[in-house]
Amino acid sequence: VKTRGKKTQKPIILSAYQERISLRGLSRVFDIHRQSISRWIVEHVKSLPKLKDTLLPAQAEDVLEYDEAWSFVIKKINKRWLWTVMCRRTRQIIAFVMGDRSETTCRRLWRRVPSEYRNCVSYSDFWDAYQKVLPQETHHAVGKDSGQVSHMESWYCTLRQHQARYVRKT
């Protein structure tokens, strides 16, 4: 694939992409092929530190919020769920996993929660998988009206505003 623009534009293009300009928009504005921009994004993401290396240390009073949001791949019949765990104090996503809405995916999420956070009090909705996987001593299933998962719900609301995939109807 031939890059039509200058490679010196790469930092500007990556910065513009982080500001949510579409690949097609970047391609038109900078006169660079979309595949080149995609390749640069992949290289950039690979150079970023691992999630576990960016987390702040857990504290005894930390509270975790679990939630999931659905999306799809190509067709609505191909549903995928983004499961996340947020530390309420730091507002950091400490673990995430993509999958279906099963107990198996919830177990994968639990395995990704760093060990220092596993003894923290946690809240989630009443979805059955959470009750089967998360420890009963520290986990509480609550309704959305309780406010105990409001930070996670707010995060998903922001995600939906920034990523059309999570609100698309067709």
Side-chain angles (χ1 to χ4, degrees), residues 14-15 17-23 38 40-169:
L14 289 173
S15 179
Y17 180 75
Q18 289 175 342
E19 291 295 326
R20 299 190 326 257
I21 297 176
S22 70
L23 283 176
S38 293
W40 292 349
I41 292 167
V42 169
E43 290 169 4
H44 176 70
V45 168
K46 286 181 179 178
S47 73
L48 295 174
K50 299 279 186 199
L51 175 65
K52 65 181 178 179
D53 298 333
T54 65
L55 295 177
L56 294 172
Q59 294 181 1
E61 68 276 0
D62 279 343
V63 175
L64 304 180
E65 297 180 21
Y66 287 75
D67 204 4
E68 69 286 334
W70 79 273
S71 183
F72 59 91
V73 178
I74 303 173
K75 296 188 277 184
K76 280 191 177 181
I77 199 163
N78 300 326
K79 291 181 182 175
R80 297 294 179 266
W81 294 83
L82 170 62
W83 296 63
T84 53
V85 183
M86 175 187 282
C87 175
R88 189 181 291 173
R89 175 181 56 88
T90 64
R91 302 294 197 273
Q92 286 183 300
I93 299 296
I94 63 165
F96 68 94
V97 68
M98 290 292 293
D100 58 11
R101 208 167 181 214
S102 69
E103 180 182 340
T104 305
T105 305
C106 190
R107 285 194 192 287
R108 284 182 30 226
L109 179 66
W110 174 246
R111 284 194 300 268
R112 290 186 180 186
V113 172
S115 58
E116 60 185 281
Y117 284 94
R118 289 196 179 181
N119 293 325
C120 296
V121 172
S122 64
Y123 294 94
S124 73
D125 56 24
F126 292 104
W127 188 245
D128 195 40
Y130 292 123
Q131 293 12 282
K132 293 178 179 176
V133 174
L134 302 179
Q136 292 179 356
E137 307 81 47
T138 57
H139 179 254
H140 306 282
V142 295
K144 294 184 190 300
D145 59 336
S146 70
Q148 295 294 344
V149 290
S150 60
H151 301 97
M152 195 73 255
E153 293 294 335
S154 173
W155 188 84
Y156 276 121
C157 183
T158 303
L159 178 70
R160 286 183 199 101
Q161 291 173 0
H162 291 220
Q163 298 293 324
R165 168 172 299 286
Y166 289 95
V167 294
R168 205 178 281 158
K169 291 187 177 183

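It should be emphasised that the depicted structure is a prediction, and the values quoted were computed from it without experimental measurement.
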Output a table of donor-acceptor pairs, distance under 3.5 Å, between side-chain atoms of residues 86-95 and any protein atom two or more places apart or on a different chain; print 'none' if there are none.
| from | atom 1 | to | atom 2 | distance (Å) |
| --- | --- | --- | --- | --- |
| Arg88 | NE | Glu65 | OE2 | 2.8 |
| Arg88 | NH1 | Gln148 | OE1 | 3.3 |
| Arg88 | NH2 | Glu65 | OE2 | 3.4 |
| Arg88 | NH2 | Gln148 | O | 2.7 |
| Arg88 | NH2 | Gln148 | OE1 | 2.9 |
| Arg89 | NE | Asp62 | OD1 | 2.6 |
| Arg89 | NH2 | Pro57 | O | 3.0 |
| Arg89 | NH2 | Asp62 | OD2 | 3.2 |
| Thr90 | OG1 | Gln92 | N | 3.3 |
| Arg91 | NH1 | Arg88 | O | 2.2 |
| Arg91 | NH2 | His151 | NE2 | 2.9 |
| Gln92 | OE1 | Leu56 | N | 3.0 |
| Gln92 | NE2 | Thr54 | O | 3.0 |

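We find the CG-OG distance between Asp125 and Ser146 to be 10.0 Å, quoted to the nearest 0.5 Å. Atom CD of residue Gln131 and atom NE2 of residue His140 lie 11.5 Å apart, to the nearest 0.5 angstrom. Atom OG1 in Thr138 sits 10.5 Å away from atom OH in Tyr123 (nearest 0.5 Å). Separation of atoms CZ (Arg111) and CZ (Arg107) is listed at 8.5 Å; rounding is to 0.5 Å. Atoms CG and OG1, on Leu64 and Thr84 in that order, are 11.0 Å from each other to the nearest 0.5 Å. Remark: Phe96 CZ to Arg112 CZ distance equals 6.5 Å, nearest 0.5 Å.
When side chains are defined from C-beta on, Val133 does not count as touching Tyr66, because their heavy atoms never get closer than 4.5 Å. Ile41 places a side-chain heavy atom less than 4.5 Å from the side chain of Leu23. Thr105 has its side chain within reach of Val97: a pair of non-hydrogen atoms, C-beta onward, lies under 4.5 Å apart. Between Cys106 and Trp81, every side-chain heavy-atom pair lies at or beyond the 4.5 Å cut-off.
At distances below 3.5 Å, not a single donor-acceptor pair connects side-chain atoms of Arg101 with backbone N or O atoms of Ala129.
The local environment of CG in Asn119 is sparse, with at most 12 non-hydrogen atoms from other residues, nucleotides or ligands closer than 6.0 Å. By the neighbour-count criterion of 12 heavy atoms within 6.0 Å, atom OH of Tyr17 is sparsely surrounded, having that number or fewer from other residues, nucleotides or ligands. More than 12 heavy atoms of other residues, nucleotides or ligands lie within 6.0 Å of CD in Glu61, so this atom counts as buried by the packing criterion.
Partner of Glu68 under the side-chain hydrogen bond (donor to acceptor under 3.5 Å, both in side chains) criterion, chosen from Trp83, Tyr130, Tyr156: Tyr130.
Between Glu116 and Ala58 the shortest heavy-atom distance is OE1-N, 2.8 Å. Glu153 and Asp67 get closest at one heavy-atom pair: OE2-OD2, 2.6 Å.
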